[in-house]
Undergrad: 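This is the structure, below, for whatever I ask next.
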Protein chains: 2
Amino acid sequence: MLHLLAGAGEAPTVPQPMLYDNSARSHRDIAGPLLSSRTIVFHEGFARSPIYRVVDGCVATFQTLADGRRQIIDLVGPGRLIGLGASEYNRHSAETLGFTRLELLSAPLVANQFESALTETLARSQALAMLLGRKTAPERLASALLDLAEQFGRPARERKRGAVTFHLYPTRGDLADWLGLTLETVSRCLTRLKKADLIDIQRGDLVTLLDPRQLAHIAVGDQTLSH
Amino acid sequence: MLHLLAGAGEAPTVPQPMLYDNSARSHRDIAGPLLSSRTIVFHEGFARSPIYRVVDGCVATFQTLADGRRQIIDLVGPGRLIGLGASEYNRHSAETLGFTRLELLSAPLVANQFESALTETLARSQALAMLLGRKTAPERLASALLDLAEQFGRPARERKRGAVTFHLYPTRGDLADWLGLTLETVSRCLTRLKKADLIDIQRGDLVTLLDPRQLAHIAVGDQTLSH
DNA sequence: CGGAGCTTTGACACGACTCAACGTGGGTGG
DNA sequence: CCACCCACGTTGAGTCGTGTCAAAGCTCCG
């Protein structure tokens, strides 16, 4: 089920914060409505959205081709901003990947961190280009898991080799659309990573990186993954 | 032969414009030395470079993996800026792809257009991610040629269907590193585009787009290219 | 118990890569 | 001035990684 949060058709000169959540229509808080999974925050080509900070949860930003092919540009976790690269209209869409709380940033608050946030977003986008253009499927998965661990991870109870555990917001299909692969290839690579004892997945969405250092080696091609 | 332009090892707090060109060492002009092909302007991981405007020619920005795999992040033509996404150190390298004239931008000059230039760079980087993650080889080539025409093109003498001609700065290998392909695949796709009468290539580096509209259809997958 | 949505696994196909040979054009030095 | 060289480009044959299509397995939840 898809909910809409912001972005009517026309472009107000001053972007208007128009927050409402169909699934819980009582919410009108500027501060932070709780959005359910698969809520569209803003839509590519629509009037520029205001800028939000992800307080909790996960947001995917993505572009879509006419025939339905989708490329996820970034997965955004707590603390980071969404709605950045827009000009008059949004350059991409944004969708929540789980229960997510956003915080609307006021103009002065934004100005403060605008440049550094934009620079970081650019750096991540360029790292993604490197990944998409030149890395193999296992390298992409290793890179992705390390990134997610950094954004969503808490140190695991098991202290072995700095293991990290995190909640996996994206589905296999989301990961595929992020990493330029298919759902099946993502699944197969995760299986290989499990069999190599580099990761563990419990209950489908709880991931533990058992050996981040080795994953990092795989991520940059210093080491290959067996079949 | 590789020339070095900027970026010693250590990081000065205030980035120092240190322009010199080994191939013509008399140049010390801040205004605009003429750089020969394959000159490194700044290097990934080195102290942050100042920001330049490309006056004439072409600059490639790229990242490299330890094993030599290279991903070109952007090809930058006249009027656009390089050196943008850097923090304390450069996030990528930059190299000229032909005789190129740069202009050093002073701090106030930069501030003026910093945000819009950064936003445009981000938009281009995200478009590249879409291309790398989800487009086929012919679609990538069509997209690339249209982009280059916009940056380097002058309307061709022949007025047929809005044909455009431009000087092709990148080699087949450069295009491959930009589009996430191999040199051979790029060559084969260009041959197919020629045989379909969509483009023409004279003297190896002068490209004419004979039917930009149809190329645009191919670029977004609305139409496929015969073999 | 049954169904929906997501995941896993297998068999097969195909696009892009690899390896290799050959062609072409511009520059250099004998 | 020509022969040679070198970098770049083209083309072909065969391989391989990833995509496609299909079936079956989980897990949650009504």
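Note that the structure is predicted; figures quoted are calculated from it, not measured. Note on naming: letters A, B, ... go to the chains in the order of the sequence lines (proteins, then strands), and numbering restarts at 1 for each one. Atoms considered below: every heavy atom in the structure, side chains included; atoms not considered: hydrogens, waters and symmetry mates.
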Undergrad: B:Arg188: what forms a side chain to side chain donor-acceptor pair (under 3.5 Å) with it, not counting sequence neighbours?
TA: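 So B:Arg188 forms no side chain to side chain donor-acceptor pair (under 3.5 Å) with any residue.
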Undergrad: Which parts of nucleotides 23-30 of chain D does protein reach within less than 4.0 Å, heavy atoms only, written one letter per nucleotide 5' to 3' as B for base, S for sugar-phosphate only and - for none?
TA: --------
Undergrad: For nucleotides 4-19 of chain C, just jot down a letter per nucleotide in 5' to 3' order: B, S or -, based on protein non-hydrogen atoms under 4.0 Å.
TA: ---SBBBB----SSBB
Undergrad: Under the rule for side chain to side chain donor-acceptor pair (under 3.5 Å), what residues qualify as partners of A:Asp197, not counting sequence neighbours?
TA: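 A:Asp197 satisfies side chain to side chain donor-acceptor pair (under 3.5 Å) with no residue once adjacent residues are dropped.
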Undergrad: For the pair made of CG in A:Leu132 and P in D:dT18, what is the distance, rounded to whole Å?
TA: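 To the nearest whole Å, that distance equals 13 Å.
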Undergrad: So, using side chain to side chain contact (heavy atoms under 4.5 Å, CB included) as the criterion, who are the partners of A:Gln151 when residues are at least two apart?
TA: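 Result, side chain to side chain contact (heavy atoms under 4.5 Å, CB included) vs A:Gln151: A:Arg80, A:Arg124, A:Asp147.
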Undergrad: When you check the gap from the basic side-chain N to the acidic O, do A:Arg69 and B:Glu139 get nearer than 4.0 Å?
TA: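 Judged by the 4.0 Å cut-off on N to carboxylate O distance, A:Arg69 and B:Glu139 do form a salt bridge.
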Undergrad: Scan for salt bridge (Lys or Arg N to Asp or Glu O under 4.0 Å) pairs involving residues 177-187 of chain B, sequence neighbours excluded, and state none if there are none.
TA: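 Passing the test, one end in residues 177-187 of chain B: A:Arg134-B:Asp177, B:Arg70-B:Asp177.
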Undergrad: Holding to side chain to side chain contact (heavy atoms under 4.5 Å, CB included), I want the full list of residues that pass it with B:Leu183, two or more places apart in sequence or in another chain.
TA: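 For B:Leu183 the side chain to side chain contact (heavy atoms under 4.5 Å, CB included) partners, ignoring immediate neighbours, are B:Arg172.
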Undergrad: Can you name the residues that form a ring pair (Phe, Tyr, Trp, His ring centres under 6.0 Å) with B:His217, not counting sequence neighbours?
TA: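 By the ring pair (Phe, Tyr, Trp, His ring centres under 6.0 Å) rule, B:His217 matches no residue at all.
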Undergrad: Donor-acceptor pairs are to be reported for all side-chain atoms of residues 220-227 of chain B against protein atoms at under 3.5 Å, with residues two or more places apart or in another chain.
TA:
none

